[in-house]
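Below is one structure, written out as structure tokens; the observations come after it.
Side chains included, hydrogens not; waters and symmetry mates left out as well; all remaining heavy atoms used. Position 1 is the first residue of the sequence, and the numbers go up from there.
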Amino acid sequence: KEIIRLMEEMNAIEKGELDRDISSERSDELGEMFDTLRTTRNTLRNKIEETEHAKEEAEKSRKEINSLLMELDQNVNSVITQASEGDLSTTISEETENDTINSIIKSTNRLIEDYRKTVKRVKNLSDDVKMFSTTSVSQTKDAQSSVDDVESSMEEVSSQMEDQDA
């Protein structure tokens with residue numbers, strides 16, 4: 001009866017039911033299997049929550065970056081156009097006699113430098129998100145593998161018990 005219940009719990013986890021109570025009063029190997037399944041379920045649930053949180057953070061960062069890019073486009077359209085064509089080296093010469101124009105030029109040049117830094121941060125963030133996603137997928141696969149191992153062990157124990165009963 002306990003093996004059937006353990007199999008039911010494993011099937012429930014397989015279907016995504018991660019909030020069920022998995023417990024057994026047994027202190028033998030079957031009880032250990034219940035404990036292992038509960039731990040595996042908890043690990044899987046935690047990894048899913050971590051992945052969802054990382055996805056939300058990545059989306060928040062993406063929106064912030066998009067907002068920054070829109071602001072840059074509105075403030076220095078001609079220089080950003082050149083930058084969007086791949087020329088991030090373009091700056092405006094600061095050799096004028098007009099202090100106001102020099103101030104605008106300095107601000108524009110600082111903005112381009114900030115844009116260069118933003119592009120680098122976006123790339124770094126993209127690399128971080130990719131790395132975290134790869135890690136999360138790997139950890140989820142590891143958790144699934146643990147569930148599969150427990151299921152296989154349960155089937156083996158069940159088979160052995162059936163052989164003993166026969």
Side-chain angles (χ1 to χ4, degrees), residues 1-75 77 80-81 83-88 111-166:
K1 179 176 174 149
E2 287 288 294
I3 289 181
I4 292 171
R5 193 166 70 80
L6 184 59
M7 293 298 291
E8 289 172 352
E9 296 300 336
M10 290 170 62
N11 288 331
I13 289 173
E14 181 180 33
K15 293 176 185 171
E17 299 174 24
L18 302 178
D19 294 324
R20 293 170 56 122
D21 180 37
I22 300 174
S23 62
S24 175
E25 299 296 322
R26 296 180 67 130
S27 60
D28 58 3
E29 291 86 2
L30 197 53
E32 288 180 27
M33 292 177 92
F34 270 97
D35 290 343
T36 299
L37 182 60
R38 182 177 50 255
T39 300
T40 300
R41 186 264 335 258
N42 291 342
T43 299
L44 180 60
R45 185 173 41 205
N46 290 340
K47 295 300 177 191
I48 289 170
E49 289 172 3
E50 289 173 8
T51 301
E52 288 172 354
H53 178 70
K55 181 180 175 184
E56 291 169 3
E57 289 298 314
E59 180 62 20
K60 180 180 173 185
S61 294
R62 186 190 66 77
K63 287 180 180 179
E64 290 173 3
I65 290 168
N66 283 341
S67 176
L68 177 60
L69 291 175
M70 286 174 47
E71 181 180 330
L72 290 174
D73 185 53
Q74 292 171 357
N75 293 329
N77 190 33
I80 295 300
T81 298
S84 71
E85 293 170 354
D87 185 4
L88 296 176
L111 201 58
I112 288 300
E113 180 60 29
D114 289 347
Y115 185 68
R116 286 186 197 119
K117 291 176 184 177
T118 298
V119 168
K120 184 176 180 179
R121 283 192 303 259
V122 168
K123 183 182 180 328
N124 290 341
L125 176 63
S126 174
D127 292 344
D128 290 348
V129 168
K130 181 179 179 182
M131 181 184 70
F132 183 79
S133 295
T134 300
T135 301
S136 294
V137 167
S138 175
Q139 290 172 343
T140 301
K141 286 180 181 179
D142 289 347
Q144 181 62 46
S145 177
S146 294
V147 169
D148 292 344
D149 289 347
V150 169
E151 182 177 8
S152 176
S153 295
M154 286 303 305
E155 289 172 356
E156 187 176 313
V157 168
S158 176
S159 175
Q160 289 174 355
M161 291 180 74
E162 288 173 3
D163 290 348
Q164 288 177 356
D165 289 345

Show the numbers, then the answer: is there a salt bridge (Lys or Arg N to Asp or Glu O under 4.0 Å) between Arg38 and Asp35?
-> CA-CA 5 Å; Arg38 182 177 50 255; Asp35 290 343; 2.5 Å; yes
At what distance, to the nearest 0.5 angstrom, does CD of Glu2 lie from CD of Glu9?
-> 10.0 Å
Kindly give the heavy-atom pair with the smallest separation between Ala143 and Thr40, and that separation in Å.
-> O-CG2, 3.5 Å
Looking at CZ of Phe34 and CD of Glu25, how far apart are the two atoms once the value is rounded to the nearest 0.5 Å?
-> 10.5 Å
So, for Leu37 and Met10, which heavy atoms are closest and what is the spacing to 0.1 Å?
-> CD2-CG, 3.5 Å
Can you name the closest pair of heavy atoms from Ile3 and Met161 and give their distance?
-> CD1-SD, 3.1 Å
For residues Glu113 and Lys117, determine if any side-chain heavy atom of one lies less than 4.5 Å from a side-chain heavy atom of the other.
-> yes
Rounded to the nearest 0.5 Å, the CG atom of Asn46 sits from the OG1 atom of Thr51 at a distance of 10.5 Å
Any chance you could measure Asp148, atom CG, to Ser153, atom OG, to the nearest 0.5 Å?
-> 10.5 Å
Do the charged groups of Arg62 and Glu59 touch, with an N to O distance under 4.0 Å?
-> yes
Please lay out, stage by stage, how Glu156 and Gln160 fare under the test side chain to side chain contact (heavy atoms under 4.5 Å, CB included).
-> CA-CA 6 Å; Glu156 187 176 313; Gln160 289 174 355; 3.5 Å; yes
Sub-3.5 Å donor-acceptor pair from the side chain of Ser145 to the main-chain atoms of Lys141, do we have one?
-> no
Side chains of Met154 and Leu30 in contact at under 4.5 Å (non-hydrogen atoms) | yes
Could you tell me whether the side chain of Thr140 and the main chain of Ser136 form a donor-acceptor pair under 3.5 Å?
-> yes
Got a donor-acceptor contact below 3.5 angstrom from the Thr36 side chain to the Glu32 backbone?
-> yes
Side chain proximity check, Lys123 to Asp127, heavy atoms < 4.5 angstrom = yes
Look up atom CG in Leu6 and atom OG in Ser158, then write down how far apart they are to the nearest 0.5 Å.
-> 10.0 Å
Does Glu155 offer a backbone N or O that forms a donor-acceptor pair with the side chain of Ser159 under 3.5 Å?
-> no
Checking side-chain contact (heavy atoms from CB on, under 4.5 Å) against Ile48, which of Arg45, Glu50, Glu52 comes through?
-> Glu52
Can you tell if the side chain of Glu17 reaches within under 4.5 Å of the side chain of Ile13, non-hydrogen atoms only?
-> no
Sub-4.5 Å side-chain heavy-atom contact between Glu29 and Val157 | no
Determine, stepwise, if the pair Lys63 / Lys60 fulfils side chain to side chain contact (heavy atoms under 4.5 Å, CB included).
-> CA-CA 5 Å; Lys63 287 180 180 179; Lys60 180 180 173 185; 5.9 Å; no
Give, for atom OG of Ser24 and atom CE of Met33, the distance between the pair rounded to the nearest 0.5 Å.
-> 11.5 Å
Quick one: does Val147's side chain get under 4.5 Å of Glu14's, heavy atoms only?
-> no
